[in-house]
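Chain A is the first sequence line, chain B the second, and so forth, proteins listed ahead of strands; every chain is numbered from 1.
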2 protein chains.
Amino acid sequence: MAFENDERPLYEIKANLFKGLAHPYRIRVLEILAGVSEAPVSDMISATGLEASHLSQHLSVLRRYGLVVSERRASVVYYRLAFPQVADLLQVARALLSELLQDSQRHQSSALALPAISSVR
Amino acid sequence: MAFENDERPLYEIKANLFKGLAHPYRIRVLEILAGVSEAPVSDMISATGLEASHLSQHLSVLRRYGLVVSERRASVVYYRLAFPQVADLLQVARALLSELLQDSQRHQSSALALPAISSVR
DNA sequence: TTCTGATATGATGACTTTATAAAGTCACTA
DNA sequence: TAGTGACTTTATAAAGTCATCATATCAGAA
C-alpha cells in the first residue's frame, strides 16, 4: 500500500515542473510570453531589467523543463510558450493566490503564502 | 517600462507558491489530501514510506506556504488542503504534463520535463 | 576577415533546501 | 507522575540554486 512503482517517477516529473516555475523572474518571463505570440530576448531584458546573461540562464532553465521554445531568426532569438497550458497553470495559480491572500487578510495572519517572514526581503 | 513596483512582489509570492509544490514528496502529500477530506499523519507516513520527521518537515513547508492546514484531535494530527484550488492546480499540472510527455515522445527528446539529464537519480 | 551586437555557456562564491539522526512536546493512560 | 505513542523541532552535512563575471558563439556589417 505504500509504493506504486509506476506512479512514483510522476511525482518527480510533476515536482520538476513546479521547480521550473519556482523563481520570480521565470514567472515574470512566462507571464510576458503568455501575453504575446512570441518575444525576442531583448524585449525580455528591458521588461525584466535583468542582465542578459542572467536572463539567459533562467531562459535555459525554462527550455530545459520544456516550458518554452526558442527560435533564432537572423541574430535575434525569439521565445514563446511551449504549450498554451502553461498560461492556464499561471492563471489557476493566480486564482489560488487571490484566495490565499484574501484569506490571510481576513485572518490577519499576513505572512501566509510568503516564504517565512524572515526570508522576505 | 521595466518595473511596476506594485506587481513585483506578486511574482515573488507566485514563485513561492510553486516552490511549495516543488518537491516530489510534497506533491505526493497534496495528491493524497486532494482525494480525501482529511488525513492523519500516520496515514501519510504509511502511504509515502517516509520517516516521520522527514514527512513532518515537508508538512511544515506546506503549512508555511499556506497550502495545507492541520488540526490536532487528541493525540492525532489531521491535515487537509487549505483550499480546494490546490487540487485544481495539481490537475492543471497533470494535464500540462501529459501534453509535455506526449510531445516529448513524439519528438523522441525524452528528457523533456526532467531536471537536466545529469541530475535525475 | 575582422568587428560588433545579441545571446549563451561556464566558473565561482553565497546562500538555501534536503535528508538523517537526536531531542523535544503534547495528550493520554497506567 | 512516569510512561508511551504520535508528531514536531533542531542540528548538521550534503546537494542544489542563484547571481555575477568572464568567456564563447553566431549572424550580419564593415
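The distance from atom CD of A:Glu51 to atom P of C:dT9 is 16 Å, rounded to the nearest whole Å. Rounded to a whole Å, the CG atom of B:Leu55 is 10 Å from the P atom of D:dC7. Computed from coordinates, the A:Tyr25 OH to D:dC18 P distance equals 12 Å when rounded to whole Å. Atoms CG (B:Leu59) and P (C:dA19) sit 13 Å apart, rounded to a whole Å. Following rounding to the nearest Å, A:His58 (NE2) and C:dA8 (C1') show an atom-to-atom distance of 14 Å. Straight-line distance from the CG atom of B:Leu50 to the C1' atom of D:dC7: 14 Å, rounded to whole Å. Spacing between atom NZ of A:Lys19 and atom C1' of C:dT16 amounts to 13 Å, rounded to whole angstrom units. In this structure, A:Leu21 places its CG atom 12 Å from P of D:dC18, rounding to the nearest Å.
Residues satisfying the side-chain contact (heavy atoms from CB on, under 4.5 Å) criterion with A:Ser60, sequence neighbours excluded, are A:Arg63, A:Arg64.
Between B:His23 and C:dA19 there is a side-chain polar atom (N or O) within less than 4.0 angstrom of OP1 or OP2. Phosphate contact (OP1/OP2 of D:dA6, side-chain N/O of B:Tyr79, threshold under 4.0 Å): absent. For A:His54, no side-chain nitrogen or oxygen approaches OP1 or OP2 of D:dC21 to under 4.0 Å.
One hydrophobic cluster holds both A:Val92 and A:Phe83 under the rule that ILVMFWY side chains link at heavy-atom gaps under 4.5 Å.
Only B:Arg72, B:Ala74, listed by number, bring a heavy atom of residues 69-77 of chain B to less than 4.0 angstrom from any atom of DNA chain C.
Comparing A:Gln57 and A:Val41 by the nucleotide of DNA chain C that holds the closest heavy atom to each, the one mapping nearer the 5' end is A:Val41.
No hydrogens or angles were tested; on distance alone, nothing pairs the side chain of B:Ser53 with the base of D:dC7 as donor and acceptor under 3.5 Å.
The side chain of A:Arg63 approaches C:dA8 more closely than any other nucleotide in the set C:dT7, C:dA8, D:dT9.
In this structure the side chain of A:Leu21 never reaches within 4.5 angstrom of the side chain of B:Leu21, judged on heavy atoms. Residues B:Val86 and B:Val68 form no side-chain contact, since every pair of their non-hydrogen atoms from C-beta on lies 4.5 Å or further apart.
Sorted by first and then second residue, the pairs that involve residues 34-60 of chain A and meet salt bridge (charged side-chain N to carboxylate O under 4.0 Å, His left out), not counting sequence neighbours, are A:Glu38-A:Arg73.
By the 30° and 60° cut-offs, the orientation of the rings of B:His58 relative to B:His23 is tilted.
Within the nucleic acid shown, A:Ser42 comes within 4.0 Å of sugar-phosphate atoms alone, with no base atom in reach, counting heavy atoms only.
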Query raised in the report: Where do A:Leu90 and A:Arg94 land on the side-chain contact (heavy atoms from CB on, under 4.5 Å) test, with the steps shown first?
Result: CA-CA 6 Å; A:Leu90 290 173; A:Arg94 196 168 324 159; 4.0 Å; yes
